[in-house]
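The shown structure was predicted, so the numbers you read here are calculated from the model rather than taken from an experiment. Indexing begins at 1, ligand by ligand and atom by atom, following the structure's order.
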Amino acid sequence: MIRTVTSTPYTDQKPGTSGLRKKVKVFQQANYAENFVQSVFDVVEDKAGATLVIGGDGRFLNREVIQIAIRMAAANGFGRAIVGRGGILSTPAASHMIRKRGAIGGLVLSASHNPGGPDEDFGIKYNIANGGPAPESITDAINARTLDIDRWLTVDAADIDLDQDGEVMVGDMPVEVVDPVEDYAALMETLFDFDAIRASKLTMAFDAMSAVTGPYATEILERRLGFAAGTVRNGTPLPDFGGHHPDPNLVHAHELYETMMAPDAPDFGAASDGDGDRNLIIGRHRFVTPSDSLAMLAANAHLAPGYAGGLKGIARSMPTSAAADRVAAALGIPAYETPTGWKFFGNLLDAGMATICGEESAGTGSDHVREKDGLWAVLLWLNILAVRGESVDAIARDHWAKFGRNYYARHDYEGIETPRADALMAALRASLATLPGKQFGDLTVETADEFAYTDPTDGSISRNQGVRILFTGGSRVVFRLSGTGTTGATLRVYLERYEPVGGDLDRETSDMLASIVAAAESIAGIAQHTGRSAPDVVT
Ligand code: VG1
Ligand code: CO
């Protein structure tokens, strides 16, 4: 029996960079999650009889919203729901499941790198039939629907047992509870040379940050690849991630960093985020920036069986360093520059224009799914290390010697009052026309603009994607406001300096970027607008 529940709109359900993210308390308001899920379902065409994948990163509220979504899917006429056991599906595993099972789409319940728990964050993201995040045309339609929604549909049915594999009926809809790891692990075995990695006898430390990758990493790294028990740390997904931010950067994964800088460090260290789509790579005594990791993976991908045929193209988000562009040029393949967020890579991957994509925020992935994929990046690195028989440090130095080095850092100013952050961006925009030719220390502005992207496959245009100031010689600073936060505004300042082949290739990043940091302050007046003299997080 389908039941219609009367509701009224919430005005704050606009998806950001990656889905709708709010405080748990916001999601706990009457009809809040239901309104959003119904708005998604109202926008999905041809859902009658179609398959829907549902899973999440295990954070607080995950199981409750999954039960709600299952009943609503049944009432909205879906033909089948596939749910990860325990409510668990990493973002890349959900993407693969949608593709493998021919689903019409999926709900991924996650706020990714944001903290979890009763007073922290929750999120809902909708992925389409290609397995990727819904593009802006669809998220805009969902948002429009949330503003005039007046009812949601459900069936009267009890919660299902999420911990029991198998099939049960909810209303007229079969619900399959499946192993969240099996299909994903099998996919990884098709891409990488597991025998070579096993034979390499490399040692490693993997920090799952008490988030969703624990079960995936334990199965793949410890069981299938034979890494020692204990290689995976913090391997049990916890609803509050143990009270930490499941954000794999040098601030939140500092224990891993310390392990990797110690005299007895293993060969390779890595971490992933809340929903398993990001990766942090630290070799023994060598941190690799995510932008460099993208470039190095692209340059060496042909060493792994899944990429032996070469790459079709490389795509990166605009704030990501240009290191990958130099690899694309050397390989004679196209390089694409997209706005921040994985949803912009989907069309390029579907069209066969790009094979590998990446973002400075520790996201890398390929055309094997339509999301970024943390463990995929770890396995590709391991495959490369096994084949080359060299350390991460040696591979990094070799890369810079060939391509030059893009020194890079991101400075985040978190929890700024939104009007102040908006004022900073407005002043910056207003000054753009006056900047070219201006001198800041040893830097001269070449061009200054606000990034807009025209999708080469469908011609859709996305504007206001960040302010970029390019200096002569390939250095630059980019300013944008985060679209994933839940309190106030976060200003991200992306700093990059290119040092050519033969230059200073092994210096401290902070020294190399000092003049760009100073220029960023003069150009944007960060201290004056935000009242902050230093960033909260440097990655
Ligand atoms: C951030 C990152 C962006 C990433 C997004 C989702 O967005 O900068 O590169 O795609 O998070 O990642 P923003 O708008 O806060 O800068 V995940 O792993 O949090 O889904
Ligand atoms: Co994530």
Fill in: Any donor-acceptor N/O pair, Arg99 side chain to Asn130 backbone, under 3.5 Å
yes

Worksheet item: Quick check: does any side chain N or O of Thr218 sit under 3.5 Å from a backbone N or O of Gly214, one acting as donor and the other as acceptor?
Response: yes

Identify, for [atom], the protein heavy atom at the shortest distance, and state residue, atom and that distance.
atom	answer
atom 17 (V) of ligand 1	Ser112 OG, 2.7 Å
atom 20 (O) of ligand 1	Arg21 NH2, 3.0 Å
atom 19 (O) of ligand 1	His113 ND1, 2.4 Å
atom 10 (O) of ligand 1	Glu359 OE1, 2.7 Å
atom 14 (O) of ligand 1	Thr17 OG1, 2.4 Å
atom 1 (C) of ligand 1	Arg278 NH2, 3.6 Å

Are [X] and ligand 1 in contact, using a heavy-atom cut-off of under 4.0 Å?
X	value
Lys343	no
Lys125	no
Gly363	no

Discussion item. Regarding Arg480 and Tyr494, do their side chains bring together a donor and an acceptor under 3.5 Å, going by distance alone?
Written reply: yes

Worksheet item: Do Asn406 and Asp292 have a side chain donor and acceptor closer than 3.5 Å?
Response: no

Worksheet item: Of Thr486, Thr487, Thr484, which is the lone residue that meets side chain to side chain donor-acceptor pair (under 3.5 Å) with Asp121?
Response: Thr486

Discussion item. So if I apply the side chain to side chain donor-acceptor pair (under 3.5 Å) rule between Thr91 and each of Asn127, Asp275, Asp273, Asp57, which one comes out positive?
Written reply: Asp275

Between [X] and ligand 1, find which residue part has any heavy-atom pair under 4.0 Å and reply side chain, backbone, both or neither.
X	result
Asp273	side chain
Lys372	side chain
Thr484	both
Glu371	neither
Ser361	side chain

Worksheet item: Hey, are Lys125 and Glu371 close enough for a salt bridge, meaning a charged N less than 4.0 Å from a carboxylate O?
Response: yes

Discussion item. Closer than 4.0 angstrom, basic N to acidic O: yes or no for Asp207 and Arg233?
Written reply: no

Worksheet item: Counting no waters, what protein N/O/S atoms lie under 2.8 Å from the Co ion (ligand 2)?
Response: Ser112 OG, Asp273 OD2, Asp275 OD1, Asp277 OD1

Discussion item. For Arg370, give me all partners under salt bridge (charged side-chain N to carboxylate O under 4.0 Å, His left out), at least two apart in sequence or on another chain.
Written reply: Asp350

Against heavy atoms of [X], which atoms of ligand 1 measure under 4.0 Å?
X	answer
Gly341	10 (O)
Arg492	8 (O), 13 (P), 15 (O), 16 (O)
Asp277	18 (O), 20 (O)

Discussion item. Using ring centroids (six-membered ring only for Trp), state whether Tyr216 and Tyr184 fall under 6.0 Å.
Written reply: yes

Worksheet entry | Tyr32 ring center near Tyr10 ring center (under 6.0 Å) | yes

Worksheet item: Does Arg463 make a cation-pi contact with Phe451, if we ask for NZ or CZ under 6.0 Å from the ring centre and within 45° of the axis?
Response: no

Less than 3.5 Å apart, which donor and acceptor atoms pair up between the side chains of residues 355-364 and the rest of the protein, not counting sequence neighbours?
unit_1 : atom_1 : unit_2 : atom_2 : d
Thr355 : OG1    : Lys312 : N      : 2.8
Glu359 : OE2    : Gly341 : N      : 2.8
Glu360 : OE1    : Arg410 : NH1    : 3.2
Glu360 : OE2    : Arg410 : NH1    : 3.4
Thr364 : OG1    : Asn279 : ND2    : 2.7

Practice prompt. Examine Gly485 against ligand 1 and note whether any of their N/O atoms are separated by less than 3.5 Å.
Written response: no

Identify every side-chain donor-acceptor pair in residues 136-143 under 3.5 Å, counting partners at least two apart or on other chains, and give the distances.
unit_1 : atom_1 : unit_2 : atom_2 : d
Glu136 : OE1    : Ser462 : OG     : 3.0
Thr139 : OG1    : Glu136 : O      : 3.2
Asn143 : ND2    : Gln13  : O      : 3.3

Worksheet entry | Parallel, tilted or perpendicular, as decided by the 30° and 60° cut-offs, for the rings of Trp376 and Phe192 | tilted

